[in-house]
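Beneath this line is the structure, given in C-alpha cells, with notes to follow.
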Amino acid sequence: QVQLVESGGGLVQAGGSLRLSCAASGSISGVNAMGWYRQTPGKQRELVASITSGGATNYADFVQGRFTISRDNAKNTVYLQMNSLKPGDTAVYYCNAVLPNPVVASAVRIYWGQGTQVTVSS
C-alpha cells in the first residue's frame, strides 16, 4: 500500500507563489511516475504535471511555463513549484503515484493523496 500526503496549499494573491509537497510512504518501490492533478467543483480532475522515475516531465497546456515539478528520491517527495498564480488556478490539488500492478501484468495501480486546497485571490 502507498500513502501520499500533500501539503503546502493555502491562500495567495494573484501573481504569488506556492510550493506544494507530496510525501510518499509505504510500498513505494518501483514507482513509475508521480504527478499533480487538480479539481474544481463541476469539473473533472485534470493533470497539472507529472514526472517519471527517469525524470521526464509533462505539463498541462495551462501551466504555460509557470509551474515546475521536481522530485527528491531520497525523501520520497515530489514538489510542485507554482509561480505567477492566477485565480483560475484555484482548486484542490492532488498528488498521485503510479506503480506496477503486482497481480496483472502490463497494468498499473494509481494511488491518490487527500488533496490540498489552493486558493488564488484577485
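Remember, it's a predicted structure, so these values are computed and weren't measured experimentally.
The distance from the CD1 atom of I69 to the SG atom of C95 is 8.0 Å, given to the nearest 0.5 Å. One distance of note links OG1 of T57 with CZ of R71; it measures 11.5 Å at 0.5 Å rounding.
Residues Y37 and Y79 do not share a hydrophobic cluster, clusters being chains of Ile/Leu/Val/Met/Phe/Trp/Tyr side chains in contact below 4.5 Å. Both Y93 and Y59 sit in one connected hydrophobic cluster of ILVMFWY residues. Membership requires side-chain heavy atoms under 4.5 Å apart, directly or through other members. In terms of hydrophobic clustering, with Ile, Leu, Val, Met, Phe, Trp and Tyr side chains grouped at heavy-atom distances under 4.5 Å, V92 and W36 are assigned to different clusters. Following chains of ILVMFWY side-chain contacts shorter than 4.5 Å, one can reach L85 starting from V63, so the two form part of one hydrophobic cluster. Taken together through direct or relayed side-chain contacts under 4.5 Å among Ile, Leu, Val, Met, Phe, Trp and Tyr, M34 and Y111 form part of one hydrophobic cluster.
Looking at every heavy atom in both residues, G16 comes nearest to V12 through CA-CG2, 3.7 Å. In terms of heavy atoms, A14 sits closest to S122 at CB-CA, 4.5 Å. The heavy-atom pair separating S21 from T77 by the smallest distance is CB-CG2, 4.4 Å. The minimum heavy-atom distance between L80 and A49, with the atom names listed, is CD1-CB, 4.2 Å.
The shortest side-chain heavy-atom distance between Q1 and S27 does not fall under the 4.5 Å cut-off. In this structure the side chain of Q117 never reaches within 4.5 angstrom of the side chain of L11, judged on heavy atoms. A 4.5 Å side-chain heavy-atom check between Y94 and L4 finds every atom pair outside the cut-off. Annotation: side chain of V108 is not in contact with side chain of N101 (no heavy-atom distance under 4.5 Å). Contact annotation: the side chain of V31 never approaches that of V2 to less than 4.5 Å [non-hydrogen atoms, C-beta and beyond]. Within the 4.5 Å cutoff, no side-chain heavy atoms of F67 are placed close to those of L18. You'll find the side chain of M82 stays beyond 4.5 Å of the side chain of V48, heavy atoms only.
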Discussion item. Run the side-chain contact (heavy atoms from CB on, under 4.5 Å) test on D89 and R38 for me, step by step, so that the C-alpha distance in whole Å, both residues' side-chain angles and the decisive distance to 0.1 Å come before the verdict.
Written reply: CA-CA 9 Å; D89 295 319; R38 71 185 189 185; 2.9 Å; yes
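Between the side chain of R109 and the backbone N or O of P102 there is no donor-acceptor pair closer than 3.5 Å. Not one N or O on the side chain of N76 forms a donor-acceptor pair closer than 3.5 Å with the backbone of S25. Counting only distance, with no hydrogens or angles, the side chain of T90 and the backbone of V120 share a donor-acceptor pair below 3.5 Å. Without hydrogens or angle criteria, E6 side chain to Q114 main chain gives a donor-acceptor distance under 3.5 Å.
Looking only at atom types and distance, the side chain of N83 has a donor-acceptor partner in the side chain of S17 under 3.5 Å away.
Crowding of Q64 atom CD: a count of heavy atoms from other residues, nucleotides or ligands under 6.0 Å exceeding 12.
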